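First up is the structure itself, then whatever we jot down about it.
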Amino acid sequence: MIKIINNIGLDIRSPPENCTDINCPFHGKLSLRGKLFEGKIVNTKTGKTVVLKKDSPIKFNKFKRYGRGKNTVHAHLPPCIKINVDQYVITAECRPISKSVSFVVIGVKV
């Protein structure tokens, strides 16, 4: 079997496994654009979709304090990338795959 790996334009290593998913940026026809999102995996129960959460501090100048902010993103998980809950991953923006999924997982953050 010949491995066909697309150049996704980022400095990310391609996964060692091969897959036949059309929505994989490495082995399929999905192109990337726009933002990168780094977050922690919260949920992997929905098949090929994962839920990411990113925590960030918010500064309130009036009170000279910081608050907690969070952002949640749904992302497509190609079958060639293996991850677990509570791992930090890097996702990239792509075309809308479904109603709530516009990001795809491209690698595990080390």
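The shown structure was predicted, so the numbers you read here are calculated from the model rather than taken from an experiment.
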Just to verify, what does [X] make a side chain to side chain contact (heavy atoms under 4.5 Å, CB included) with, not counting sequence neighbours?
| X | answer |
| --- | --- |
| S102 | P96 |
| R65 | F63 |
| K62 | none |

Practice item. Return yes when atom CZ of R68 has more than 12 non-hydrogen atoms of other residues, nucleotides or ligands closer than 6.0 Å, and no otherwise. Key: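 12 or below, so no.
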
Check your understanding: Any chance CD1 of I58 has more than 12 other-residue heavy atoms, nucleotides or ligands included, within less than 6.0 Å?
Key ->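 Yes, CD1 of I58 has more than 12 neighbouring heavy atoms, counting only those of other groups under 6.0 Å.
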
Heavy atoms, side chains only, cut-off 4.5 Å: are [X] and [Y] in contact?
| X | Y | value |
| --- | --- | --- |
| H27 | D21 | no |
| V85 | V42 | no |
| F37 | N71 | yes |
| E93 | L32 | no |
| V104 | T91 | no |
| P15 | C24 | no |
| K59 | K64 | no |

Exercise for review: Test side chain to side chain contact (heavy atoms under 4.5 Å, CB included) on V105 and V50 and set out the steps.
Suggested key: CA-CA 9 Å; V105 177; V50 295; 3.9 Å; yes

Review point. What are the two closest non-hydrogen atoms of C80 and E17, and how far apart are they?
Key: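 In terms of heavy atoms, the two residues are closest at CB-O, 3.7 Å.
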
Point to revise | Heavy-atom pair with the smallest gap, counting every atom of K70 and D55 | key: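 Minimum heavy-atom contact is CB-OD1, 3.6 Å.
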
[X] side, atom [atom1]; [Y] side, atom [atom2] - distance, nearest 0.5 Å:
| X | Y | atom1 | atom2 | value |
| --- | --- | --- | --- | --- |
| F103 | L77 | CZ | CG | 15.5 Å |
| I90 | I106 | CD1 | CD1 | 6.0 Å |
| N43 | T49 | CG | OG1 | 10.0 Å |
| L52 | K40 | CG | NZ | 11.5 Å |
| I97 | H74 | CD1 | NE2 | 13.0 Å |

Review point. Is it true that E38 and K109 make a salt bridge, defined as a side-chain N closer than 4.0 Å to a carboxylate O?
Key: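 Salt bridge flag = yes for K109 with E38.
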
Review point. Where do L30 and R95 land on the side chain to side chain contact (heavy atoms under 4.5 Å, CB included) test, with the steps shown first?
Key: CA-CA 8 Å; L30 188 68; R95 65 170 175 79; 3.8 Å; yes

Check your understanding: Counting only N and O atoms by type, is there a donor-acceptor contact under 3.5 Å from the side chain of T72 to the main-chain atoms of K53?
Key ->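 Between the backbone of K53 and the side chain of T72 there is no qualifying donor-acceptor contact (under 3.5 Å).
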
Check your understanding: In terms of hydrophobic clusters joined by side-chain contacts under 4.5 Å, are I41 and V108 together?
Key ->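 The answer is yes; both residues are in one hydrophobic cluster.
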
